[in-house]
Asker: 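I have a structure I would like to understand better, so I am pasting it below and will then ask my questions one at a time.
Start at 1 and go down the list; that is how both ligands and their atoms are numbered.
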Amino acid sequence: MHEPPKVPLARVLVNMPRMMVNPIKRFNRYLGEYGRDFILSVGGSRRTHFTVNADVIQHVLQKNHKNYHKSAIQTDELARYLGRGLLTNNGQPWLTQRRLIQPGFHRQRLEALVSEMQAVINTSCKGLNQTAEENGRIHLQEVTRDIVFRVITRAIFTDGFDDAETRKLKKTLDAIQRYVVYPVRMPFLLKPLQWLGIEGRKLALTQDVRKRVQERIDARRAGVPKDDLLQMLLDSRYEDDGQPMPDQQLVDEIIILFAAGHETSANALAWTIWLLLRHPETLAKARAEITEVEGEGAINFDNARQLIYLTQVIEESMRLYPPAWITDRVALGPDKAGGFDIQQGTSIGIFFYGLHRNPEYWEDPEAFRPERMTPEAKKARHPFCFLPFGGGPRLCIGNHFAMLEMQLILARLLKDYNFELPAKADLVKQKAYITLHMDRPLSLRLSRRAANLPSAKRV
Ligand code: HEM
């Protein structure tokens, strides 16, 4: 049996509280001591083969993916709050849903959504313009979360949710997502949370969201068809029996799209802006490209492809701060991966954050260098050493959507505004919730860019 080194149980137990507070730091420490693969196991509970080894990861996510399922934490536990949709499903039910939903996310289908995205960005910028005129401050993460939430809401329901309703929905979903991390990461808290009635209150919130989504579905059925994600889900038919998706499944999938598709992109945007502001030359180059590509009009579906440098910036930002910083799989049967034996039932902890900073694949890994994301440089690297959207058949279904919305939002914000970093901006660190956040709110002073004042008329 060839297995990676094992972290002694006593060490795991002693470090447990630190692990809860700052798992990334603890994992990095172990990687430094034990190498790119190591085993963590706590008593009788499941053993985890923890890895930042691209060969092992490619094997598990792609080459022999059929032997691996997501763990109960990512499926059953999360499904209690978010429902049983693509993200929280496994096996045949997952595959059936994936086949049904995939066509709706093809890049070409997104074209119809660009004008909706632009309309949302315009509305959001109205509020920012006022702050900018007064040279006021914004809370960066709130701004990116707000825009992204509106974008995903409009992409799903082009005719639904007015401003007040969108805010209410966001507040409810945010509360659920903030809460979920406790029972999911620390299952021993579940009972106390139930006794205190907190769990029940959060579950009631999810019922409320479900009810509101169902109302929208009913309203659409009674009204006119639209060109949005809801319509795509309503019109899709299962291959085998030609039936539409049952309503309960439809509601689950919609809630999953909200959950998977808003915090991730919002965090990626916030990290990208923070990195750009700390690298003025990169920022200047990105702005020059935006101006050139945009010409007299605005960024649209076709010319967004020409934002080549900006795309590299976003990718390099997601290398350093991958919004999905970890995932897992459980081996259904014994296997061999990257030369290691994998016992049946072993969890594989795929640590994207560590993979993206593994010096075997990245020279000077801590440095922010968008130049490393050129197609030539990518081709020269291991195909599984950069996985912001995961890999294999469970690759993020919203990857093109996310890239497009981030390009549109960044193009607009960088072109229209100057952001001033506070003095202590360098101290920002990551904080690992379900997605990778900043550890503090970032307050930026905002002003209009003089070079861009004419475009104010557009808003
Ligand atoms: C920067 C933004 C995003 C990042 C970094 C991201 C990252 C990821 C990753 C890493 C996975 C794979 C997880 C695994 O294999 O365990 C995933 C899956 C998924 N993502 Fe995203 N995502 C983003 C945006 C979106 C958006 C905008 C949507 C929807 C509109 C979305 C919907 C999903 C869904 C439904 C899955 C599950 C797919 C499946 O298992 O078949 N994501 N995402």
Asker: For Q248, does the CD atom have more than 12 heavy-atom neighbours from other residues, nucleotides or ligands under 6.0 Å away?
Answerer: no
Asker: For ligand 1, which atoms, with element, lie under 4.0 Å from some heavy atom of P388?
Answerer: 5 (C), 7 (C), 10 (C)
Asker: Within the 4.0 Å heavy-atom shell around R329, which atoms of ligand 1 are there?
Answerer: 14 (C), 15 (O), 16 (O)
Asker: Tell me whether R109 is salt-bridged to D227, with the criterion being a basic N under 4.0 Å from an acidic carboxylate O.
Answerer: yes
Asker: Below 4.5 Å, heavy atoms only, C-beta onward: do R319 and P365 meet side chain to side chain?
Answerer: yes
Asker: A side-chain contact here means heavy atoms from C-beta on lying under 4.5 Å apart; do H356 and P388 qualify?
Answerer: yes
Asker: Going by the order shown, which atoms of ligand 1 are within less than 4.0 Å of some heavy atom of F401?
Answerer: 27 (C)
Asker: Mark up the atoms of ligand 1 that fall under 4.0 Å of a heavy atom belonging to P323, in ascending order.
Answerer: 5 (C)
Asker: Hey, would you say the H400 and F105 ring centroids sit under 6.0 Å apart?
Answerer: no
Asker: For ligand 1, find out whether one of its N or O atoms is nearer than 3.5 Å to an N or O atom of Q74.
Answerer: no
Asker: Are F384 and L355 close enough that some pair of their side-chain heavy atoms sits under 4.5 Å apart?
Answerer: no
Asker: Under a 4.5 Å cut-off applied to non-hydrogen side-chain atoms, are T158 and Q231 in contact?
Answerer: no
Asker: Can you check whether S265 has an N/O within less than 3.5 Å of an N/O in ligand 1?
Answerer: no
Asker: Would you kindly specify which portion of M406 sits under 4.0 Å from ligand 1, judged on non-hydrogen atoms: side chain, backbone, both or neither?
Answerer: side chain
Asker: Could you tell me whether D76 and R84 have a side-chain N and a carboxylate O separated by less than 4.0 Å?
Answerer: yes
Asker: Number the atoms of ligand 1 from 1 as they appear, then name those within less than 4.0 Å of a heavy atom of T327, with their elements.
Answerer: 14 (C), 16 (O)
Asker: Which ligand 1 atoms does W94 reach within 4.0 Å, using its non-hydrogen atoms?
Answerer: 39 (C), 40 (O), 41 (O)
Asker: Provide the protein N, O or S atoms situated under 2.8 Å from atom 21 (Fe) of ligand 1; waters are not included.
Answerer: C396 SG
Asker: What residue and heavy atom of the protein are closest to atom 12 (C) of ligand 1, and at what distance?
Answerer: R394 O, 3.7 Å
Asker: Any atoms of ligand 1 less than 4.0 Å from a non-hydrogen atom of I152? List them with their elements.
Answerer: 30 (C)
Asker: With heavy-atom distances below 4.0 Å as the criterion, list the atoms of ligand 1 near F105.
Answerer: 30 (C)
Asker: If you measure from each heavy atom of H262 to ligand 1, is any distance below 4.0 Å?
Answerer: no
Asker: Should R220 and D228 count as an ion pair when the cut-off is N to O under 4.0 Å?
Answerer: yes
Asker: Is the closest side-chain donor-acceptor distance between N303 and E294 under 3.5 Å?
Answerer: no
Asker: Quick one: do the H139 and Q141 side chains pair a donor with an acceptor below 3.5 Å?
Answerer: yes
Asker: Heavy-atom pairs closer than 4.0 Å: do any link ligand 1 to the side chain of R98, the backbone, both, or neither?
Answerer: side chain
Asker: Applying the side-chain contact (heavy atoms from CB on, under 4.5 Å) criterion to I299, which one of M117, Q407, Q118 satisfies it?
Answerer: Q118
Asker: CZ of R29: more than 12 outside heavy atoms within 6.0 angstrom?
Answerer: no
